[in-house]
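See below for the structure under consideration.
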Amino acid sequence: MRMTLTLFGAFILACLTSPAYAQSQRGQSTADVDLAVRLVEVQANPKLTQELFKAGQQLATICASCHGDGGNSVKPDVPNLAGQNPAYLLEQLRQFADGRRRNEFMEGMIKVLKSDEKIAVVLFFSRQGVIGNKAAANPALLVKGKDIYTRNCWRCHAQDGHGNGTFARIAGQQPVYLNAALKRYRLGTGTRTNALMAANTKLLSDADIDAVVAYVAAMD
Ligand code: HEC
Ligand code: HEC
């Protein structure tokens, strides 16, 4: 852990001292920068996007020990970040920072990232290809899962599970992580709560969750 944080500090230093970073931080170094507004601003500026993408690529090597190379996780309880909607990723970083979403490690890590570093790392991951889970699931489970998905989930997460500018991509996500996420929303204990997801999970049984997870995890 100490080693990871030391490495992380070195990356942050490298970013802080790079001219691209200094330029990108002009007027943006306060903690209360609105991340959503800043993301739109960065995306409208191709040069800045490219600079932050490069800084994000460096920062991402720190995340790789858990989230995998290019954000394709190889740990069942750690989510993929590859191909994820950047606005959603930023919102989650904000939730870890303000305590609406709890995870000890992520909370600590997010505190040391400056606003533009969050934008940078999120931009990098959102532009990585998704490898997905190709493991064959039980066909009956997939049929049931598809039925649940097409009655409900697609309205926000889209037919193909890729989400959109607002909603998360869930296609190809790690199944153990998906299962835990859905059960937390259903339980609403405070580790992770969201009114829309609470409403959309409260009628699901554990068996329903197993089915919809099998279907979603197998989506491309
Ligand atoms: C020590 C392991 C570890 C490291 C290193 C790590 N994370 Fe995480 N991250 C996790 C875990 C575990 C979760 C899932 C937490 C939960 O279940 O709510 C997570 C969740 C996230 C999420 C939410 C994803 C979603 O689909 O909702 C984001 C965004 C994220 N991490 C970004 C990062 C970034 C950026 C870095 C590097 C700067 C990083 N993480 C480094 C373990 C880690
Ligand atoms: C009315 C819109 C809506 C519907 C319908 C909906 N969701 Fe969501 N979903 C959301 C929102 C908003 C979030 C982000 C919540 C947050 O910030 O934690 C989310 C988050 C998630 C996540 C967490 C993603 C991650 O990377 O951590 C999963 C998994 C998920 N939804 C699965 C489903 C499934 C499965 C269904 C159908 C049973 C469903 N959702 C129906 C709006 C919706």
Side-chain angles (χ1 to χ4, degrees), residues 8 11-12 15-16 18 20-60 62-63 67 70-71 73 78-103 105-130 153-158 160-171 173 177 181 184-185 188 190-200:
F8 190 49
F11 272 107
I12 288 180
C15 293
L16 281 173
S18 86
Y21 184 76
Q23 190 186 6
S24 71
Q25 283 291 291
R26 217 176 282 149
Q28 297 297 337
S29 54
T30 51
D32 56 358
V33 167
D34 185 320
L35 290 175
V37 171
R38 179 65 177 154
L39 176 64
V40 173
E41 194 178 300
V42 168
Q43 286 177 317
N45 179 338
K47 190 161 172 278
L48 186 52
T49 297
Q50 204 191 0
E51 284 164 0
L52 287 186
F53 179 90
K54 277 195 208 135
Q57 188 165 21
Q58 284 198 318
L59 285 165
I62 299 301
C63 323
H67 291 283
S73 170
V78 179
N80 300 326
L81 304 178
Q84 185 55 278
N85 156 10
Y88 167 78
L89 287 178
L90 271 184
E91 171 58 20
Q92 298 310 304
L93 293 186
R94 198 204 312 249
Q95 291 188 17
F96 284 125
D98 69 20
R100 273 178 292 159
R101 181 168 175 185
R102 308 305 311 265
N103 175 274
F105 191 85
M106 285 304 305
E107 285 169 47
M109 168 147 293
I110 259 35
K111 282 199 187 99
V112 300
L113 289 183
K114 291 212 161 61
S115 300
D116 268 13
E117 289 172 333
K118 291 180 188 162
I119 307 261
V121 78
V122 152
L123 270 180
F124 173 74
F125 281 126
S126 70
R127 293 172 178 215
Q128 300 308 301
V130 181
C153 321
W154 68 274
R155 291 185 293 127
C156 297
H157 296 283
D160 59 5
H162 291 198
N164 56 32
T166 312
F167 296 112
R169 176 196 174 106
I170 53 178
Q173 188 52 280
Y177 171 79
R184 281 185 200 152
Y185 288 131
T191 306
R192 192 178 187 189
T193 52
N194 177 273
L196 288 176
M197 281 305 297
N200 284 288

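- Ala36 is linked by a side chain to side chain contact (heavy atoms under 4.5 Å, CB included) to Asp34, Arg94, counting only residues two or more places apart in sequence or in another chain.
- Of all the heavy atoms in Val112 and Glu117, the pair that sits closest is O-OE1, 3.7 Å.
- Side chains of Cys153 and Asn200 form no contact here, defined as non-hydrogen atoms less than 4.5 Å apart.
- In terms of the ring-ring contact (aromatic ring centres under 6.0 Å, His included) criterion, residue partners of Phe53 (sequence neighbours excluded) are, by chain and number, Phe124.
- Considering every non-hydrogen atom in both Val121 and Leu59, the closest pair reads CG2-CB, 4.0 Å.
- Rounded to the nearest 0.5 angstrom, Phe167 CZ and Leu196 CG are separated by 6.0 Å.
- Arg192 pairs in a side-chain contact (heavy atoms from CB on, under 4.5 Å) with only one of the listed residues (Gln92, Arg100, Met197), which is Gln92.
- Interatomic distance, Leu48 CG to Glu51 CD, rounded to the nearest 0.5 Å: 6.0 Å.
- Interatomic distance, CG of Asn103 versus CD of Gln95, reported as 13.0 Å (0.5 Å rounding).
- Note that the CD1 atom of Ile119 and the CZ atom of Arg38 stand 6.5 Å from one another [nearest 0.5 Å].
- Remark: side-chain polar atoms of His157 are paired, donor with acceptor, to backbone N or O of Ala168 under 3.5 angstrom.
- With sequence neighbours excluded, the residues forming a side chain to side chain contact (heavy atoms under 4.5 Å, CB included) with His162 are Asp160, Arg169, Ala171, listed by chain and number.
- Among residues two or more places apart in sequence or in another chain, the side chain to side chain contact (heavy atoms under 4.5 Å, CB included) test is passed with Leu89 by Leu81, Gln84, Val122, Phe125.
- Thr191 is linked by a side chain to side chain contact (heavy atoms under 4.5 Å, CB included) to Arg102, Arg184, Thr189, counting only residues two or more places apart in sequence or in another chain.
- When atom types are taken as modelled, the side chain of Gln173 and the backbone of Asn80 share a donor-acceptor pair closer than 3.5 angstrom.
- Atom NZ of residue Lys111 and atom CG of residue Leu93 lie 13.0 Å apart, to the nearest 0.5 angstrom.
- The two residues Gly165 and Ala87 make their nearest non-hydrogen contact at O-CB, 3.6 Å.
- Considering every non-hydrogen atom in both Ala97 and Ile110, the closest pair reads CB-CG2, 3.4 Å.
- Scanning both residues, Asn164 and Thr166, for their nearest heavy atoms gives OD1-N, 2.8 Å.
- Listed by first and then second residue, the side-chain hydrogen bond (donor to acceptor under 3.5 Å, both in side chains) pairs that reach into residues 119-130 come to none, sequence neighbours excluded.
- A distance of 10.5 Å separates CZ in Arg101 from CG in Asn194, rounded to the nearest 0.5 Å.
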